[in-house]
There are 2 protein chains.
Amino acid sequence: MPTAPSTARATARAELTRAILDNASTQLAEVGPAALSVRAIARDLGMASSAVYRYFPSRDALLTALLVEAYDDLGAAVEAADAGVRRGDLRGRLRAIARALRSWAIAHPHQYALAYGSPVPGYAAPQDTVGPARRVPLVLISLLGDAQQSGRRPRGPDRVPAAEKAALAPVLAFVDPPLSPAYGVRGLGVWSALFGHVSLELFGHMHRGVLDPEAHFAAVVDQHAVDLGLT
Amino acid sequence: MPTAPSTARATARAELTRAILDNASTQLAEVGPAALSVRAIARDLGMASSAVYRYFPSRDALLTALLVEAYDDLGAAVEAADAGVRRGDLRGRLRAIARALRSWAIAHPHQYALAYGSPVPGYAAPQDTVGPARRVPLVLISLLGDAQQSGRRPRGPDRVPAAEKAALAPVLAFVDPPLSPAYGVRGLGVWSALFGHVSLELFGHMHRGVLDPEAHFAAVVDQHAVDLGLT
DNA sequence: CAACAAACGAGAGCACTGCTCTTGTTCTTT
DNA sequence: AAAGAACAAGAGCAGTGCTCTCGTTTGTTG
């Protein structure tokens with residue numbers, strides 16, 4: 001980010017880029033990623049569709065920008081939820097994090113689908129998405145780090161195979177001091193379970209078997225807190 | 001399914017329907033659901049694109065047929081895996097089921113994305129998809145039913161809130177005698193965790209933190225077996 | 001200040017999509 | 001054998017992402 005060059009053209013460009021992004025975000029929220037149309041955005045903004053390409057080289061680039069926005073928005077929501085709970089109340093923090101994730105997903109289903117649904121085949125996440133994408137996992141890992149620091153241990157696994165220890169190396173090192181392999185297994189398991197629940201619920205796989213997904217989610221999260229030794 | 005009327009036209013129709021579906025399936029496997037093109041299928045089959053609409057009223061209808069196919073294929077794979085293990089070896093069965101799910105998803109990423117990725121907004125699953133979609137959950141529930149019958153109990157939750165008990169009513173009744181609420185909570189949690197892992201892995205959210213997803217998956221599944229009291 | 005160059009907006013156009021309608025043919029049934 | 005339904009093909013419509021060209025505006029440089 002260069003510090004606003006303040007030439008009329010540069011500010012106009014920044015404003016129009018923002019306007020396009022805002023309009024795209026609105027359209028995304030309404031019709032979803034698949035139906036997002038560059039031409040429709042241009043029409044909304046009263047400009048030629050070709051002009052949009054001066055600001056975003058392709059529809060994919062626009063979607064990538066929206067993806068970053070989604071990751072950041074969700075990340076901020078989860079971080080805020082975690083920050084709203086007393087540090088020592090580990091179960092309360094997990095509950096808050098999980099609730100924030102699910103609430104955000106329900107409030108922004110299309111953004112969630114963009115971020116965690118099926119990507120377009122062959123889509124390689126550009127470098128500028130990995131930072132924002134890491135925010136939610138980082139909150140979770142920090143929580144586990146705090147739990148470990150306060151002497152807690154997960155309820156199993158008692159022994160972690162060497163292959164698995166090596167496999168988890170990167171994620172264990174996200175926090176200092178590094179997470180124990182047992183917390184790594186459990187933590188990633190909880191991460192998968194949380195996103196799995198939200199995806200299954202949001203994508204319509206749960207409504208036939210579970211009448212009250214919110215109550216069920218709460219029950220599962222509490223069980224995770226027990227499994228993680230947070231209680 | 002009417003028993004083959006054997007008129008030349010009827011058999012021709014059946015054959016062409018099958019040919020379209022096969023071609024669509026191939027194309028789906030290659031380019032994914034988003035890029036599936038009715039016109040491309042017609043070109044491949046040497047017919048006018050309008051002719052395809054005599055067999056499938058819309059692209060959505062074709063995708064629905066492919067969706068049923070995917071559910072059935074995955075369901076069959078999981079059922080076969082479960083059937084290949086001695087009934088009493090509950091942990092072995094869970095391992096086999098989980099492995100079959102993940103293997104199938106990796107072998108058929110686009111089919112998996114069609115079934116468990118983000119649906120097109122407003123897509124209401126037609127009635128003929130719910131049967132096939134239920135096959136995997138049913139295998140899992142049957143396994144838990146067997147575990148319960150043999151006197152096992154999950155490691156928590158010890159108490160299930162009334163709201164949650166009511167919420168799970170439908171899924172508990174899928175098997176006879178009905179599943180205990182505790183097994184319901186745990187079972188759905190495992191279901192979410194399995195699909196959550198596969199989705200996160202397949203959609204590219206795991207490769208930066210986990211070097212060997214297979215080893216990690218195995219470790220998580222084994223922990224689930226413990227949590228479910230299968231060991 | 002003048003000249004050059006870069007950035008820009010608009011419009012036409014290409015190749016593609018899903019889908020509909022019409023026209024002429026083929027097969028089934030009465 | 002006649003009537004009617006099913007069918008294949010083609011043209012056409014409305015929409016898409018994206019590119020190219022052509023004037024115009026803006027910023028930088030001699």
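Residue numbers begin at 1 in each chain, while the letters A, B, ... track the order of the sequences.
For the pair Asp44(A) CG and dT16(D) P, the computed distance is 12 Å after rounding to whole Å. Look at CE on Met47(B): it is 6 Å from P on dA8(D), rounded to the nearest Å. Taking atom CD on Gln27(A) and atom C1' on dT16(D), their separation rounds to 12 Å, with Å as the unit. For Glu15(B) and dA8(D), the CD to C1' distance is 17 Å, given to the nearest whole Å. Atom CD1 of Ile20(A) and atom P of dC8(C) are 11 Å apart (whole Å).
Using a 4.0 Å heavy-atom criterion, one finds that Tyr55(B) contacts the sugar-phosphate atoms exclusively. Note on Leu45(B): nothing from the nucleic acid sits closer than 4.0 angstrom, heavy atoms only. Here Ile41(A) lies out of heavy-atom contact (under 4.0 Å) with every strand.
For the pair Ser192(B) (side chain) and Gly196(A) (backbone), a donor-acceptor distance under 3.5 Å is absent. At distances below 3.5 Å, not a single donor-acceptor pair connects side-chain atoms of Thr129(A) with backbone N or O atoms of Val68(A).
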Item checked: Candidate pair Glu69(A) and Leu66(A), rule side-chain contact (heavy atoms from CB on, under 4.5 Å), full reasoning -> CA-CA 5 Å; Glu69(A) 213 176 69; Leu66(A) 293 173; 4.0 Å; yes

Margin query: Strictly under 4.0 angstrom, non-hydrogen atoms only: write out the protein contact profile of nucleotides 22-30 of chain C, one letter per nucleotide from the 5' end, B, S or -.
Written below: ----BBS--

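For the pair Arg135(B) and Tyr71(B), the cation-pi criterion (under 6.0 Å, within 45° of the ring axis) is not fulfilled.
Between the side chains of His205(B) and Glu201(B), no donor-acceptor pair is found at a separation under 3.5 Å.
Arg54(A) pairs by the side chain to side chain contact (heavy atoms under 4.5 Å, CB included) definition with nothing, not counting sequence neighbours.
Between Tyr116(A) and Phe203(A), a ring centre-to-centre spacing not shorter than 6.0 Å is recorded. Between Phe195(B) and Phe195(A), the distance from one ring center to the other does not fall under 6.0 angstrom.
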Between the protein and nucleotides 17-19 of chain D, are there any N/O to N/O pairs under 3.5 Å, and if so, what are the atom names and distances?
| unit_1 | atom_1 | unit_2 | atom_2 | d |
| --- | --- | --- | --- | --- |
| dG17(D) | OP1 | Leu36(A) | O | 3.4 |
| dG17(D) | OP1 | Val38(A) | N | 2.8 |
| dG17(D) | OP2 | Val38(A) | N | 3.3 |
| dG17(D) | OP2 | Arg39(A) | N | 3.2 |
| dG17(D) | N7 | Arg39(A) | NH1 | 2.4 |
| dG17(D) | O6 | Arg39(A) | NH1 | 2.8 |
| dC18(D) | OP2 | Tyr53(A) | OH | 3.2 |
| dC18(D) | OP2 | Arg59(A) | N | 2.7 |
| dC18(D) | N4 | Arg39(A) | NH1 | 3.3 |

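Shortest non-hydrogen contact noted between Asp72(B) and Pro132(B) is OD1-CB, 3.6 Å.
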